[in-house]
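The structure appears right after this line, and notes come after that.
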Amino acid sequence: SAIRFRPDGSSVVAVMDTGHWREGAVTRDEQGRLSGITNLTATPMADRNGDVGLAKWKVDSEGLALRDGQAIVSYEQAHRIDIYPDPGFAGSKPIGSLALPFPISELRSNAGIETIAVSPKDSPLAGAMIAIAERSVDKADNLLAGILDGPQRGAFSVVRKDPYAATDGAFLPNGDLLLLERRFSFGSGLGMQIRRIPGDRIKPGAVVDGNGRQRPSTSL
């Protein structure tokens, strides 16, 4: 569902929608291109009660962000954003949670928070975390989104680009957000695009868009 690199550029942490942590390291060839993965492990994720091996709908992890000793995970179906200790997340239950700045009841069952990302500390959002829903929309048919902490905490929204669904995101060093979106149907195949959203436009009450770049569709 989501994968993040450690600062060393080879160690990775990932989450699966089956409720598992994945850890390992990538290998690269002489040109620096990815060539494989090693030391791969899988560990079941614990819920707030410390229980593991739960039904998929209870631990349907979709988004992952790493910051300052924390591994932060978004879940859909049982919608929430939980904070785990880092290091130690694989053997721990959550040590906290982040509340959404809009009613959780507005999230659709299997189209909840798919994207979470931490902004740079010297960016307009000053290190705050943002969350964007996969397909859940507000009354204006824009994707639900929010700044989860910091002085600008509050809800904003992202213009929906049907048939694409938000699937992940990351901030650039200057504070702009790259939003990865994908679409799929048996008729038209798989398609992906990345939108660049200016960081200084992300603020409470805003409706943000951005320039998109599409990859060619792949038919099945």
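One is the number of the first residue; the rest follow in order along the sequence.
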State the CG-CD distance between Asp17 and Glu114, to the nearest 0.5 angstrom. 8.5 Å
Pro173 and Asp122: which non-hydrogen atoms are nearest, and at how many Å? O-OD1, 4.2 Å
How far apart are the closest heavy atoms of Ile116 and Ala65, and which atoms are they? CD1-N, 3.8 Å
Look only at the side chain of Arg182 and the backbone of Leu180, and say whether a donor-acceptor pair between them is shorter than 3.5 Å. no
Do any pairs count as a ring pair (Phe, Tyr, Trp, His ring centres under 6.0 Å) and have a residue in residues 108-141, sequence neighbours left out, and if so which ones? none
If you define the side chain from C-beta out and look only at heavy atoms, does anything of Leu64 sit under 4.5 Å from Val13? yes
Please walk me through it: do Arg196 and Leu177 pass side chain to side chain contact (heavy atoms under 4.5 Å, CB included)? CA-CA 6 Å; Arg196 181 169 180 166; Leu177 176 68; over 6 Å; no
Inspect the contact between Lys58 and Asp51 and indicate whether a charged nitrogen and a carboxylate oxygen are less than 4.0 angstrom apart. no
According to a hydrophobic-cluster definition based on side-chain heavy atoms being under 4.5 Å apart (Ile, Leu, Val, Met, Phe, Trp, Tyr only), do Val73 and Leu148 belong together? no
Taking the side chain as every heavy atom from C-beta outward, state whether Val159 and Val208 have any atom pair closer than 4.5 Å. no
State, with a plain yes or no, whether a side-chain heavy atom of Lys121 is found less than 4.5 Å away from one of Asp68. yes
Residue pair Ile147 / Ala128: nearest heavy atoms and the distance that separates them: CG2-CB, 3.9 Å
Nearest 0.5 Å please: distance from the CZ atom of Arg183 over to the CD atom of Glu181. 12.0 Å
Tell me, please, which residues at least two apart from Arg108 pass side-chain contact (heavy atoms from CB on, under 4.5 Å). Ala111, Arg135, Ser136, Val137
Give me the atom names and distance for the closest heavy-atom approach of Pro124 to Gln152. O-NE2, 3.1 Å
Does NZ in Lys56 sit with more than 12 non-hydrogen atoms of other residues, nucleotides or ligands closer than 6.0 Å? yes
Side-chain contact, heavy-atom cut-off 4.5 Å: Leu54 with Asp47? yes
Assess whether atom CZ of Arg201 is packed by more than 12 heavy atoms of other residues, nucleotides or ligands within 6.0 Å. no
Same apolar cluster (I L V M F W Y, side chains within < 4.5 Å links), Ile194/Val158: no
So CZ of Phe171 and CG of Leu178: to nearest 0.5 Å the spacing works out to 9.5 Å
Closest contact, heavy atoms only, Val12 versus Ala25: CG2-N, 4.3 Å
Any chance you could measure Phe156, atom CZ, to Asp138, atom CG, to the nearest 0.5 Å? 11.5 Å
If you apply the rule salt bridge (charged side-chain N to carboxylate O under 4.0 Å, His left out), what do you find for Asp8 with Arg6, and how did you get there? CA-CA 5 Å; Asp8 63 11; Arg6 297 291 196 184; over 6 Å; no
Listed by chain and number, what are the side chain to side chain donor-acceptor pair (under 3.5 Å) partners of Asn142, not counting sequence neighbours? none
Applying a strict under-4.5 Å side-chain criterion to I, L, V, M, F, W and Y, I'd like to know whether Ile202 and Ile113 cluster together. no
Rounded to the nearest 0.5 Å, how far does CG of Asp176 lie from CZ of Arg195? 14.0 Å
Any side-chain heavy-atom pair from Glu134 and Thr115 closer than 4.5 angstrom? no
Is the shortest side-chain heavy-atom distance between Glu76 and Ser61 below 4.5 Å? no
4.5 Å side-chain heavy-atom contact, Asp168 and Arg4: yes
Residues pairing under side chain to side chain donor-acceptor pair (under 3.5 Å) where one sits in residues 20-37, two or more places apart or in two chains, turn out to be Thr18-His20, Thr27-Ser35, Asp29-Arg33, Gln31-Arg33
May I have the list of side-chain donor-acceptor pairs in residues 92-106 shorter than 3.5 Å, sequence neighbours left out?
| residue | atom | partner | partner atom | Å |
| --- | --- | --- | --- | --- |
| Ser97 | OG | Arg48 | NH2 | 3.2 |
| Ser97 | OG | Asp82 | OD1 | 2.9 |

ILVMFWY cluster, Ile132 and Leu144 together (side-chain gap under 4.5 Å): no
Quick one: does Ser74's side chain have a donor or acceptor within less than 3.5 Å of a partner on Gly63's backbone? yes
Which other residues end up in the same hydrophobic cluster as Met16, if Ile, Leu, Val, Met, Phe, Trp and Tyr are linked when side-chain heavy atoms come under 4.5 Å apart? none
Ile83 reachable from Phe89 in the ILVMFWY side-chain graph, under 4.5 Å edges: no
Nearest non-hydrogen partners of Pro120 and Ser123, listed with the distance: O-OG, 2.6 Å
Using side-chain heavy atoms (C-beta onward) and a distance below 4.5 Å, is Tyr84 in contact with Ile72? no
Can you list the steps and then say if Gln70 with Asp86 is a side-chain hydrogen bond (donor to acceptor under 3.5 Å, both in side chains)? CA-CA 5 Å; Gln70 298 177 340; Asp86 181 28; over 6 Å; no
Counting distance only, does the side-chain N/O of Ser119 pair as donor-acceptor with the main-chain N or O of Gly127 below 3.5 Å? yes
